[in-house]
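Order of the sequence lines fixes the chain letters, A, B, ..., with proteins taken first and strands second; residue numbering starts at 1 for each chain. FYI, side chains are in, hydrogens and waters are out, and symmetry mates aren't considered; it's all heavy atoms of this structure. On a predicted model such as this, the values are computed, not experimentally measured, just so you know.
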Amino acid sequence: MSPFSEQHTSLLAGCAQVLSEKELAAKLALGRPLKVKLGVDPTSPDIHLGHTVGLSKLRQFQELGHEAILIIGDFTAMIGDPSGRSATRPHLSHDQVMEHAKTYQDQAFKILDPEKTSVRFNGEWFGKMTFQDVMRLNSRVTLQQMLQREDFRERIDKGLPVRAHEIQYPIMQGWDSVVIQADVELGGTDQLFNILVGRDLQHEEGQHQQVAMMLPILTGLDGIQKMSKSLGNAVGVTEVPGEMFGKLMSISDEQMSEYYRLLLHEELSLEAHPMEAKKSLAERLTARFHSPAEALRAREEFELRFSKKDLEAADLPSYSPPPDLSTDVISLSAHAFDNVFGLKKSRSDIRRLVEGGSVSWKGEKITDPKADLSLEGGGVLKLDRKSAVRVNPK
RNA sequence: GGGUAGGUACCGAAGUGGCCAAACGGGGCGGACUGUAAAUCCGCUGGCAUCGCCUUCAGUGGUUCGAAUCCACUCCUGCCCA
């Protein structure tokens, strides 16, 4: 391991808040590998760029020789972290959660070194607890403590319901730290409260308290809310290169510096041309989860398709309508949306797209929803801003 | 348990017997413009369809020629009291 002070500095880089830096230094000075905890809740099957912020930090610890412990919150996910939430989360069954947990792990290893990561499911300990154990655990914290959280407060102030089980969440997350005897816990800034509960519980158990290391939270594509799959503003780490590149290009200029800092771990230079900088960001991130070659291709495709608007030359998915399908615009488009992009759109939806001038066939706008396309020789059918197919009649 | 205020489309919020597929705002989508950025302007935003038809206003049942609107019961939520 490198000298502690050097580690200290590099580990602090990119953090939003660390409680406390002094404690971290002291822990590092112990000269032993630290147990570094990062918890993820498999509430959806995919990991997105927002998750990678914490994962990268964990990876950094790994590379410095520390022990990375990835907690898969199979039990906590059934409650769902109320952090930053204005409503109770929908219930997930344990089966659903375990389903997600599989893909989660695989995807997390796109960042982490699988050889050096211990993966723990918190159902391992929570699944064994009796109601008595739960009560005992609950008696260690006060309701007032739990209600200090701003997300609960806010809901209470607004007259929205806060379910009793939701206040279990921080306690459970805290207990995870006790079980694994964490030295450091990583999390987004919205995790501060939960992580501090962990410290309290550790203290009560006579353990050394974990250092709370908070990382900034990545904003989603809308530029407003935090990145989250359920808000539809996320970039998944398994998305195909074209999709990933395209989504990253849609972020606003203002957001770019944030993405540079949190995802590329560098500062966006002020002189950089915004569009070039964005392309470079998109290309580098795409390369990270795919390959440089695929990323370059995604970039070229993007330039061809959206900058030069040359759909003819673009690499579009090919689509062969079944022979018995009517060749009117609506039927064709609806079928193509469904078959090629997996989007179920109603015929009314398509009608609106057509009337709105979004659909074009062989480069010509079709605005008549009743128009019949003779598919002779095939051609490019543009459906909406992002979707187009190359029709190959059989 | 008692009292009280509510439950309307993705969200917020009007509407309190016919003119309601339901105002308005936000969000979303599409178009023009552009750098798939921002800003701006315009259109769309339940389903099917050639007038039109069908399914919606927490749920069920009722009153009525006609109900989101009235009545009954049920479910759900807030607040106050216990």
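- The pair A:E266-A:R261 does not meet the salt-bridge criterion, since no charged nitrogen lies less than 4.0 angstrom from a carboxylate oxygen.
- Here, B:C44 and B:U8 have their P atoms 26 Å apart, quoted to the whole Å.
- B:A23 and B:U16 are spaced 14 Å apart, taking the P atom of each and rounding to whole Å.
- Comparing A:V162 and A:V359 by the nucleotide of RNA chain B that holds the closest heavy atom to each, the one mapping nearer the 5' end is A:V359.
- Between B:G78 and B:G31, the two C1' atoms lie 43 Å apart (nearest whole Å).
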Given protein heavy atoms under 4.0 Å, the one-letter contact record of nucleotides 38-55 of chain B, with B base, S sugar-phosphate only and - none, is simply ------SS-SBB------

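- At a cut-off of 3.5 Å, with distance as the only test, a side-chain donor of A:T130 or A:D133 sits close to an acceptor on the other residue.
- Looking only at distances, no side-chain donor or acceptor of A:R120 sits under 3.5 Å from a matching main-chain atom of A:I71.
- In this entry the distance linking CD of A:Q255 with C1' of B:U36 reads 14 Å, nearest Å.
- We find that CZ of A:R385 is positioned 14 Å from P of B:G35, with the value rounded to whole Å.
- The CG atom of A:L231 sits 13 Å away from the C1' atom of B:G28 (whole-angstrom rounding).
- Whole-Å rounding puts the A:E364 CD to B:G31 P distance at 17 Å.
- Base pairing of B:U77 is made with B:A5, judged by Watson-Crick or G-U wobble geometry with both donor-acceptor distances under 3.5 Å.
- In this structure, A:P161 reaches the sugar-phosphate backbone alone: every heavy-atom distance under 4.0 Å involves primed, P, OP1 or OP2 atoms, never a base.
- Nucleotide B:C70 forms a Watson-Crick or G-U wobble pair with B:G62, both donor-acceptor distances falling under 3.5 Å.
- Residue contacts shown for A:G357 are limited to sugar-phosphate atoms, with no base heavy atom under 4.0 Å away.
- Nucleotide B:C44 forms a Watson-Crick or G-U wobble pair with B:G28, both donor-acceptor distances falling under 3.5 Å.
- In this structure, CG of A:D368 is placed 17 Å from C1' of B:G31, rounded to the nearest angstrom.
- Looking at heavy-atom distances under 4.0 Å, A:K278 makes contact with a base.
- Atom P of nucleotide B:U34 and atom CZ of A:F306 are separated by 17 Å, given to the nearest angstrom.
- Rounded to whole Å, the separation between the C1' atoms of B:U63 and B:G17 comes to 11 Å.
- Remark: the A:T327 side chain and the A:D372 side chain contain an N/O donor-acceptor pair separated by less than 3.5 Å.
- Closest-nucleotide positions on RNA chain B for A:G246 and A:L353 were compared, and the one nearer the 5' end corresponds to A:L353.
- A donor and an acceptor atom, one from each side chain of A:S93 and A:D95, are nowhere located under 3.5 Å apart.
- Nucleotides B:C20 and B:U56 have their C1' atoms positioned 11 Å apart, rounded to a whole Å.
- A side-chain N or O of A:T117 and one of A:Q62 form a donor-acceptor pair less than 3.5 Å apart.
- Taking the six-membered ring where tryptophan is involved, the planes of A:Y104 and A:H51 are perpendicular, since the angle between them exceeds 60° and thus also 30°.
- Rounded to a whole angstrom, the distance from the C1' atom of B:G52 to that of B:G43 is 24 Å.
- With rounding to whole Å, A:M275 atom CE is found 11 Å from B:A37 atom P.
- The environment of A:E276 atom CD is dense: over 12 non-hydrogen atoms of other residues, nucleotides or ligands sit within 6.0 angstrom.
- A gap of 25 Å separates the P atoms of B:A14 and B:U60, to the nearest Å.
- B:G59 and B:A67 are spaced 15 Å apart, taking the P atom of each and rounding to whole Å.
- The one candidate from A:K57, A:K35, A:K27, A:K37 that meets the salt bridge (Lys or Arg N to Asp or Glu O under 4.0 Å) condition with A:E185 is A:K37.
- One interatomic measurement links the two molecules: CD1 of A:I224 to P of B:G26, which rounds to 13 Å at whole-angstrom precision.
- Between A:K382 and B:G31, a side-chain N or O to OP1/OP2 separation shorter than 4.0 Å is present.
- Contact annotation for A:K365: backbone-only contact, meaning every heavy-atom pair under 4.0 Å involves sugar-phosphate atoms and none involves a base.
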